[in-house]
Amino acid sequence: MTELVIRAAEQVDLPALQDLYRHLLPDGERCPDDEAGKILERLARFEGSAVLIGFLGTIWSRAAP
């Protein structure tokens, strides 16, 4: 059985998250990686806020290359 893991997104997750959102906004311009990182940092400053991601197995784990 594959385990579902849910955790707060980290800087390392941003490229994959941006790729995912390209499917939702195919005509939109991609946010530069450094700007996306700054936005994630600003969100993390609000107590109790986080961008949550879920994955099965090790696809998005910190250990994945």
Side-chain angles (χ1 to χ4, degrees):
M1 181 177 203
T2 303
E3 180 182 8
L4 172 64
V5 177
I6 298 174
R7 65 170 172 78
E10 300 173 352
Q11 297 290 327
V12 69
D13 301 311
L14 290 175
L17 283 172
Q18 290 207 75
D19 290 343
L20 176 66
Y21 279 98
R22 294 291 297 171
H23 294 285
L24 297 174
L25 300 168
D27 296 329
E29 187 174 321
R30 182 184 174 108
C31 183
D33 290 341
D34 60 330
E35 186 176 340
K38 291 175 186 175
I39 292 168
L40 185 63
E41 287 175 7
R42 283 198 311 256
L43 286 170
R45 290 187 203 132
F46 292 98
E47 186 178 340
S49 71
V51 174
L52 299 177
I53 59 172
F55 59 95
L56 296 174
T58 59
I59 294 173
W60 282 38
S61 74
R62 292 178 193 116

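One-based numbering along the sequence shown.
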Visitor: Could you state the interatomic distance from CD1 (I39) to CG (D34), rounded to the nearest 0.5 Å?
Guide: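 Going from CD1 on I39 over to CG on D34, the span is 9.5 Å.
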Visitor: Indicate every side-chain donor-acceptor pair of residues 40-51 with a distance under 3.5 Å to a residue at least two apart or in another chain.
Guide:
from: S49; atom 1: OG; to: L43; atom 2: O; distance (Å): 2.4
from: S49; atom 1: OG; to: F46; atom 2: O; distance (Å): 2.8

Visitor: Tell me every residue that passes side chain to side chain contact (heavy atoms under 4.5 Å, CB included) with Q18, counting only those two or more places apart in sequence or in another chain.
Guide: R30, C31, D33, A36
Visitor: What's the shortest heavy-atom distance between L17 and A9, and which atoms?
Guide: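 Answer, listing the atom of L17 first, then A9: CD1-CB, 3.9 Å.
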